[in-house]
Structures are given as structure tokens and as C-alpha cells.
Amino acid sequence: MGTVSSRLPVFPWDRLEPYKATAAAHADGIVDLSVGTPVDPVPALVQKALTDAADSPGYPTVWGTAALRDALTGWAERRLGATGLAHTNVLPVVGSKELVAWLPTQLGLGAGDRVAYPRLAYPTYEVGARLAGAEPVVYDDPWELDPAGLKLLWLNSPSNPTGRVLSAEELRRTVAWAREHGVLLFSDECYIELGWEADPVSVLHPDVCGGSYDGIVSVHSLSKRSNLAGYRAAFLAGDAAVLGELLQIRKHGGMMIPAPVQAATVAALGDTEHVGEQRERYARRRTALREALEAAGFRIEHSQASLYLWATRDESCWDTVADLAKRGVLVAPGDFYGTAGERFVRVAFTATDERVDAAVRRLAQ
């Protein structure tokens, strides 16, 4: 029996373990700026919503409660500028990584089908294609792709790892191209609340999609905006036909968000105060790390949004990782995200203020 895992690349984070051990041996402890996991508290109103819903003995539904769907459509209208959304235009999912990894399979893709994603990208786009037995294809500009056999096109703005933000014109052009060639477009917008030097635009904005959601779906997560990575709360918005098909498949697979997490999601999406407070924390950490990196001889590219700085000293990313690990600072090598990143590192600013301050001191040494 063949193993599905044989289709997949080596899990990238396993390669970082020796450098993590080196950084952890620092006398003042490790400063982990690699994974980008939230470290700040879950907002109190979200915790309360979760505990208030703790007595949930029955099975939740895959489509979620009506209150959850109201929260999803309401947020998308307020924050993204999407118009005329109905409940059929939204679908909760069990974290965005699960969706990215299994989407090609749930769409029925396989041998002979192609899945495209940016040349520098979150590795799970490739993983999803390989799990389905489809062909992964990278691009620099999506409208230059050969559309033959192309069934799924991923956009990612703001980008992980680079923090690059696609303009409304770039998004418009790509949506038009995808529709012209009958290619389903999914836009990963999980960092859309975290624009610093640019204001990210959703593919669902009428200036981009023309007020029609045909052939387009956006992906959103509460992990970063609300510190809910541990809750696995995410959702899709867009083409009702595509989401209806996914809903039927996910019903059979029992892919449901726990009822308390659904209640917590409603609370989180209904509040903007905690989002502003978290942005302020990240802005302080971003500024401190950027200034320290540049003073230490790094060049920062893109990084207009997201939770990362895309940094280089024009050397092998692994040389940079090794040097910083000796100082007790762990970062992610750029080649985790494609060969085009082999001279960059991704630096997350999700550590605590105290740990960011420690990194700043060490970079100055």
C-alpha cells in the first residue's frame, strides 16, 4: 500500500529543530520569531462567550448557527465592503490551514488538474495540490499562467511570507483573467486586518469583483486579528455555488466548528476595540524589530502588511538563521516558502514585548 505522505515535501519546520536548540541554549533564553503564533491574551469578551456556551451537549452543524452566519456576512460587509451577502455566501471552516490543505481534494481535483499559487508562498498551497494528486504550479503574475488544465488559482494578499499587498488593479485584472478562462479563484486574505504601509483590499470588494461573486471565494481567519489560533476559527465568503458544494462535502465529513467556538467567533467579529488594541501591540513590536534589523545590516523588502518582516543580508537564509540562533533568536528561513526566498528570512513580530526587547538588544551586539 502506497503512503499519501510520500507525495509531500519534508515538513519544513522539522529542519529548523537544530537551530531552535541552539537558540534555546542562550543564557537569557530563546526569542522565537519563527512560527508567528499569537502570544497575547484572548480578548475577555471572547473568553466569556466561549464559557457561556460551554454547556453544548449536542452536535453543532457544519454550516454553523444563524447567529454565526449573520456575524460572518455582517463583518464581510462592514470590513471588506462586500455587498448583498446572504447566508449561502459564507461557510465556517475548522481553521484556514485545514481548508487550504484539503480544498483541492474537496473540489474533486486530481491527476491532470493544475493548482497555481505564488512563487513565494505559504507551503500548504503546494501540499493541498499534492494531497489531491494534482500538479502544483507557481507563478509570478497569475495572468501569465497557461490556463490549460488549471482548475484552482490561489491569491494571497497580504502575503505570507513577504507581506506584499496586491493593489485593487492587480486583483481586478486577476479576477477578470480567471473568469475569462473558467478558473476558480480563492484569495487567502487572513492578514487583511494587518495592513501597515498599505490598505489591503479584498477580492469581494465591488471595485474588484464588479459586485458579482461568481468564481471567487475569499478565505479569512480569526487567528491573527483576535489571537484565536487555538480556537481554529476561520471562514469562507464568496460564490454561493462553490460554497454550497463544499458544504455538502463537509457535512458528510463531519467538518464542524465546536459550538462554543462558534459563539466565540460571533463575539470576536462583533467587536473592533480588541482588534485595534492588538494592532497597536504589533505596530510597536514591528517598529522596534524593523529598526533593529536595519541597524544590524538587514534590508527589509515588501512587508507592507501581515505579521512578518521579510529580511535579507544577501546571504544564504540558513547562514542568517544560524547566526541569529547563536544570539538566541530563531527566525524562519526563506526557502521554506520557495526557492525564490533562499536569501531571505521571515521574522515574526508575535513575541511578547519583553522578548522583542531582548531580540533588539541581541541584534545590536
Side-chain angles (χ1 to χ4, degrees), residues 8-39 97 117-127 138 156 158-164 191 194 223-224 229 282 285-365:
L8 306 179
V10 174
F11 187 63
W13 295 100
D14 290 345
R15 297 166 54 199
L16 201 58
E17 285 301 314
Y19 302 91
K20 185 175 184 178
T22 297
H26 190 278
D28 187 36
I30 188 173
V31 178
D32 192 342
L33 308 179
S34 61
V35 176
T37 188
V39 297
K97 183 170 185 175
Y117 51 88
R119 187 173 302 279
L120 276 168
Y122 184 47
T124 312
Y125 303 132
E126 177 187 357
V127 167
V138 299
N156 180 208
S159 164
N160 176 14
T162 69
R164 180 189 173 200
Y191 295 91
L194 295 163
S223 294
K224 314 304 189 207
Y282 284 142
R285 295 165 187 168
R286 178 181 184 271
T287 297
L289 283 170
R290 179 165 195 152
E291 291 176 352
L293 286 164
E294 289 177 335
F298 285 86
R299 184 176 73 255
I300 308 298
E301 292 194 359
H302 303 301
S303 305
Q304 298 103 329
S306 82
L307 290 177
Y308 313 107
L309 294 168
W310 189 237
T312 181
R313 287 193 308 204
D314 294 311
E315 64 185 3
S316 163
C317 61
W318 288 100
D319 288 346
T320 306
V321 169
D323 177 63
L324 292 178
K326 292 174 185 175
R327 306 190 210 187
V329 178
L330 188 68
V331 297
D335 66 3
F336 276 12
Y337 308 95
T339 56
E342 60 190 7
R343 298 179 73 79
F344 286 79
V345 292
R346 193 194 74 172
V347 184
F349 41 89
T350 53
T352 64
D353 291 343
E354 184 274 331
R355 288 289 82 187
V356 167
D357 289 344
V360 168
R361 291 193 302 271
R362 296 176 196 182
L363 285 165
Q365 294 172 356

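The model shown is predicted, which means the values in this text are computed figures rather than measured ones.
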- prompt: Any idea which heavy atoms bring Y282 and K224 closest together, and the distance?
  reply: CE1-O, 4.2 Å
- prompt: For the atom pair CG (L16) and CZ (F11), what is the distance rounded to the nearest 0.5 Å?
  reply: 10.5 Å
statement: Residues P38 and A229: closest non-hydrogen pair is CD-CB, 3.8 Å
message: Within the structure provided, determine whether F349 and L307 are in side-chain contact (heavy-atom separation under 4.5 Å).
response: yes
Candidate pair L363 and V329, rule side-chain contact (heavy atoms from CB on, under 4.5 Å), full reasoning: CA-CA 9 Å; L363 285 165; V329 178; 5.6 Å; no
- prompt: Rounded to the nearest 0.5 Å, what separation is found between the OH atom of Y308 and the OG atom of S34?
  reply: 10.0 Å
message: Assess the residue pair L194 and S306 against the criterion (side-chain contact (heavy atoms from CB on, under 4.5 Å)); give the C-alpha distance rounded to whole Å, side-chain angles, the decisive distance to 0.1 Å, and a yes or no.
response: CA-CA 5 Å; L194 295 163; S306 82; 5.6 Å; no
task: Give a yes or no answer on whether the side chain of T22 reaches the backbone of K20 with a donor-acceptor pair at less than 3.5 Å.
output: no
message: Ignoring hydrogens, what is the shortest heavy-atom contact between S159 and P161? Give both atom names and the distance.
response: OG-N, 3.7 Å
Could you give the side-chain donor-acceptor pairs of residues 336-344 under 3.5 Å, partners two or more places apart or in another chain?
unit_1: Y337; atom_1: OH; unit_2: R346; atom_2: NE; d: 3.4
unit_1: Y337; atom_1: OH; unit_2: R346; atom_2: NH1; d: 3.2
unit_1: R343; atom_1: NH2; unit_2: D314; atom_2: O; d: 2.3

message: Quick one: does any side-chain atom of R362 pair with a main-chain N or O of L324 as donor and acceptor, under 3.5 Å?
response: no
- line: Rounded to the nearest 0.5 Å, the CG atom of L330 sits from the CD atom of E17 at a distance of 8.5 Å
field: Check against side-chain contact (heavy atoms from CB on, under 4.5 Å), E301 and T162
entry: CA-CA 7 Å; E301 292 194 359; T162 69; over 6 Å; no
- request: Please assess N156 against Y125 for the test side-chain contact (heavy atoms from CB on, under 4.5 Å), listing each intermediate value before the final yes or no.
  value: CA-CA 10 Å; N156 180 208; Y125 303 132; 3.4 Å; yes
- request: With sequence neighbours excluded, tell me which residues meet side-chain hydrogen bond (donor to acceptor under 3.5 Å, both in side chains) with E294.
  value: R290
T312 side chain to R299 backbone, donor-acceptor under 3.5 Å: no
query: If you take all heavy atoms of A332 and V321, which pair is closest and at what distance?
result: C-CG2, 4.4 Å
message: So which atom in V345 and which in P333 form the shortest heavy-atom distance, rounded to 0.1 Å?
response: CG1-CA, 4.4 Å
task: Give a yes or no on whether a salt bridge exists between D28 and R355, defined as a side-chain N under 4.0 angstrom from a carboxylate O.
output: yes
message: Using side-chain heavy atoms (C-beta onward) and a distance below 4.5 Å, is Y122 in contact with Y117?
response: no
- line: Correct closest heavy-atom pair for W310 and S303 would be N-OG, 3.0 Å
Gap between atom CD1 of I300 and atom CG of L293 - 0.5 Å precision: 5.0 Å
- prompt: Under the 3.5 angstrom rule, does the side chain of R313 hit a backbone N or O of T320 as a donor-acceptor pair?
  reply: no
- prompt: Going by an N to O cut-off under 4.0 Å, is there a salt bridge joining D357 and R361?
  reply: no
